[in-house]
Amino acid sequence: MSVLVYTESEEGKFKKIALEAVAYAKGIADQLDTQVTAVCINATDTSELGKYGASKVLKITNDKLSKFNGEAYADAIGQAAKNEDAKVIVLTSSANSKFLAPTLAVNLEAGFVPNVVALPESTSPFKVKHSVFTNKAFATTEFKTDIKIIGLGKNSYGLKENETSASTEDFSPNLDAHDFDMEIVSVDKATDTVTIADAEIVVSAGRGMKGPENWGMIEDLAETLGAATACSKPVSDMGWRPHSEHVGQTGKPVASNLYIAIGISGAIQHLAGINASKVKVVINNDPEAPFFKAADYGIVGDAFEIVPQLTEKLKEFKAQNA
Amino acid sequence: MKILVCISHVPDTTSKINFTEGDTKFDTNGVQFVINPNDEFGLTRAMWFKEKQGATVHVINVGGPETEPTLRKALAIGADEAIRINTPATDGFSVAKQLANIAKEGGYNLIIGGRESIDYNGGMVPGMLAKLIGANFVNTCIGLEVEGDNATAIREIDGGKETLKTSLPLVIGCQKGLVEESDLRIPNMRGIMQARTKPLNVKEAIDANSETNTVSFEKPAPKGPVKLVDSVDELVNLLHNEAKVI
Ligand SMILES: Cc1cc2nc3c(=O)[nH]c(=O)nc-3n(C[C@H](O)[C@H](O)[C@H](O)COP(=O)(O)OP(=O)(O)OC[C@H]3O[C@@H](n4cnc5c(N)ncnc54)[C@H](O)[C@@H]3O)c2cc1C
Ligand SMILES: Nc1ncnc2c1ncn2[C@@H]1O[C@H](COP(=O)(O)O)[C@@H](O)[C@H]1O
């Protein structure tokens, strides 16, 4: 028996969330007195995984899996789980993990709990805490199944190092034709910008920016911080910014280290989606804006003055700390 | 084409979230329930297929009698028939098994669900349902066209989107973007009147075990007050030295 963790990679390189998931899996393995096996698909260098606590790496290399495919990936990971007799499987909260998790759960007749925020409270019965009501509350849920699938919430465990010597084995799952019933015709992805899902810092702006022509200063600030840009719902509804930037209860969830909200009032539906961010900064000219109640730091003032000043100051700061 | 739209009955987004019975149950007191926003996008797309391609549209919910007003609203928006499977929705897996049973029986070739319900945020029912009935599955779906048995779907991925070709039977987990916000329909008087006479069939549940069981809830610890600063210098200093995020 072992704890299996699926370590996602992009163009051969592991994502940060994958390493966090390994660290988390190691935490569970310690509770269960067992070891961590990582399974990866088309990753180039697996040596990094040992640093976070993997004892064994199952390395799948297969050209047919070069693009994500929920059915085939779930099939491959399920076979790895059987190979290892894994009773706990750790996934992340990426779009791909969320896509394949339900399929994997049916394949293995396993229970699945997403958005888990901490190590299991107990392992017998096996209970985990996870966020619900779009971060407005937490639930503690008990698994009733022999095999348990955990979707680890982003940024909820941290990149804990735990040097372990890891062995790597090639693993070739048997994939059948049904795994490839879906054909990816095209992928349209901006490669030069930070995505909201991966970002450590998110710079978000709302209707207070008055119009799309004023987003230059938001982009400058984001670029200076290496941050992703986001927006409130009306901003994307009006077409000032793309839908993919809409964050909140009905948009994307944000769980970054730092969230900077500029000219956003802080409606309950907006806050629900960004609550999981660790530190929140608000820039708003209305001292009564509800967002200040949910923020850690705030500046009451005109965004059109403050944002360029902040960008300048950060550039200076970066130059000094480089 | 026969379309089944899965409707999750959830607290309105402005609801205060509280718990009762020793923090083991969601407190529905004073809470307004609505069609899950993601499902509303899906239902709107289904209406497009009905009007442009002559599809029939059924809506379904797994839940107690309290969810019927939500199903009636879906009928008022234009669905042809509603089905309620009479059992509390205990966990995603058991809901998916109930839905799978009806989906097979009813011969639906397109099943539309949401990326996630905004209450339990499971994000699992459509994917499980697809696997249980052997249908294709596209999650985070933001575009869908169907021609005969062929479907083209657009899916949002981290940092972009991808276009997929697949075939019916198909299950999607959809979200904002599948239709324009301005296409969402508020039921009109005529729709509401018609909905009263449209069939709402209550079906008994099959035996389906749940795989997980939520034992308790809690709310996040209240946050300390905001620190207001006067200058960007001070802000940068605090973010670096105190919050340690830059
Ligand atoms: C079912 C439902 C779901 C929803 N889901 C979401 C969601 O997922 N995400 C979301 O964001 N919203 C969502 N909303 C909408 C939400 O209720 C608010 O309407 C929205 O968040 C407001 O956007 P805003 O803060 O950009 O605009 P406003 O509320 O108009 O706020 C603009 C703010 O900018 C400030 N401002 C103006 N000028 C300046 C200036 N010069 N400098 C600094 N500050 C300035 C103002 O003081 C104000 O606080 C949802 C609503 C519903 C009904
Ligand atoms: N009780 C239910 N009845 C019908 N459909 C449901 C139910 N619960 C969830 N769904 C569907 O599954 C989607 C995802 O829900 P969830 O997996 O609970 O996040 C929802 O958007 C609905 O389309």
Side-chain angles (χ1 to χ4, degrees), chain A residues 70 94-95 98-99 101-103 105-106 111-115 127 132-134 136-145 181-190 195 197-198 225 237 243-244 246 249-251 257-258 268-269 279 281 292 294-300 306 309-310 313-314 317, chain B residues 13-14 17 19 37 92-93 118-128 130-132 136-140 142 156-167 176-177 181 209-220 223 226-230 232-233 235-236 238-240 243 245-246:
Chain A
S94 71
K98 288 200 162 176
F99 191 129
T103 311
V106 175
F112 166 51
V113 178
N115 309 318
K127 280 194 217 165
V132 289
F133 293 98
T134 334
K136 287 180 203 157
F138 296 104
T140 297
T141 294
E142 189 179 315
F143 283 92
K144 299 201 252 176
T145 46
D181 277 351
M182 208 144 4
E183 182 202 345
I184 297 171
V185 199
S186 64
V187 179
D188 178 2
K189 197 166 169 170
T195 67
D198 288 337
L225 285 165
D237 288 348
H243 283 315
S244 56
H246 160 204
Q249 188 157 17
T250 52
N257 277 332
L258 173 60
I268 187 166
Q269 298 95 349
V279 176
V281 173
F292 285 115
D296 300 283
Y297 302 101
I299 299 187
V300 178
I306 292 165
Q309 283 175 15
L310 180 59
K313 182 70 206 170
L314 284 164
F317 166 82
Chain B
T13 56
T14 54
I17 305 300
F19 302 100
F93 215 141
I118 61 165
D119 52 0
Y120 293 103
N121 310 121
M124 63 181 93
V125 170
M128 288 174 167
K131 189 72 211 180
L132 289 169
N136 290 313
F137 175 54
V138 177
N139 207 0
T140 57
I142 53 170
E156 187 171 282
I157 54 178
D158 291 337
K161 54 189 181 183
E162 73 186 17
T163 306
L164 302 148
K165 274 203 187 326
T166 183
S167 56
K176 183 185 164 187
E181 197 87 8
N209 292 338
S210 57
E211 259 66 4
T212 59
N213 174 30
T214 293
V215 286
S216 65
F217 294 96
E218 66 196 87
K219 297 221 279 182
K223 237 190 62 32
V226 58
K227 244 187 211 174
L228 290 179
V229 299
D230 294 322
V232 295
D233 294 26
L235 180 63
V236 170
L238 285 168
L239 292 179
H240 181 60
V245 286
I246 58 170

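Just so it is clear: chains get the letters A, B, ... in the order the sequence lines come, proteins before strands, and each one is counted from 1.
- Side-chain polar atoms of A:Q249 and B:T13 form no donor-acceptor pair below 3.5 angstrom.
- Taking chain A as the reference chain and counting heavy-atom pairs below 4.5 Å, the highest number among B:V245, B:T214, B:T166 is found for B:T214.
- Of the possible donor and acceptor atoms, one in the side chain of A:T134 sits under 3.5 Å from a partner among the backbone N and O of B:I118.
- By the 4.5 Å heavy-atom criterion applied to side chains, A:K98 and B:T140 are not counted as neighbours.
- In this view, A:K144 satisfies the salt bridge (charged side-chain N to carboxylate O under 4.0 Å, His left out) rule with no residue, not counting sequence neighbours.
- Options A:N257, A:T250, A:D181 differ in how many heavy-atom pairs under 4.5 Å they form with chain B, and the most are formed by A:D181.
- Considering CD of A:E142 and OG1 of B:T212, their distance stands at 9.5 Å, rounded to 0.5 Å.
- Distance check, rounded to the nearest 0.5 Å: CZ of A:F112 to CD of B:E211 gives 13.0 Å.
- Nearest heavy-atom pair across B:L235 and A:I299 is CD2-CD1, 3.9 Å.
- Using a 4.5 Å cut-off between heavy atoms, B:F19 contacts chain A through its side chain alone, with no backbone atom that close.
- Using a 4.5 Å heavy-atom cutoff, the side chains of A:H246 and B:K176 are in contact.
- Between B:L164 and A:V185, the closest heavy-atom pair is C-CG2, 4.0 Å.
- For A:F138, there are no ring pair (Phe, Tyr, Trp, His ring centres under 6.0 Å) partners, not counting sequence neighbours.
- A heavy-atom distance below 4.5 Å is found between the side chains of B:F93 and A:V106.
- B:K223 is listed as a side-chain neighbour of A:D296, based on a closest heavy-atom distance under 4.5 Å.
- Here the closest heavy-atom approach between residue A:P114 and residue B:G122 is recorded as CG-O, 3.4 Å.
- Contact annotation for A:A101: neither backbone nor side-chain heavy atoms come within less than 4.5 Å of a heavy atom of chain B.
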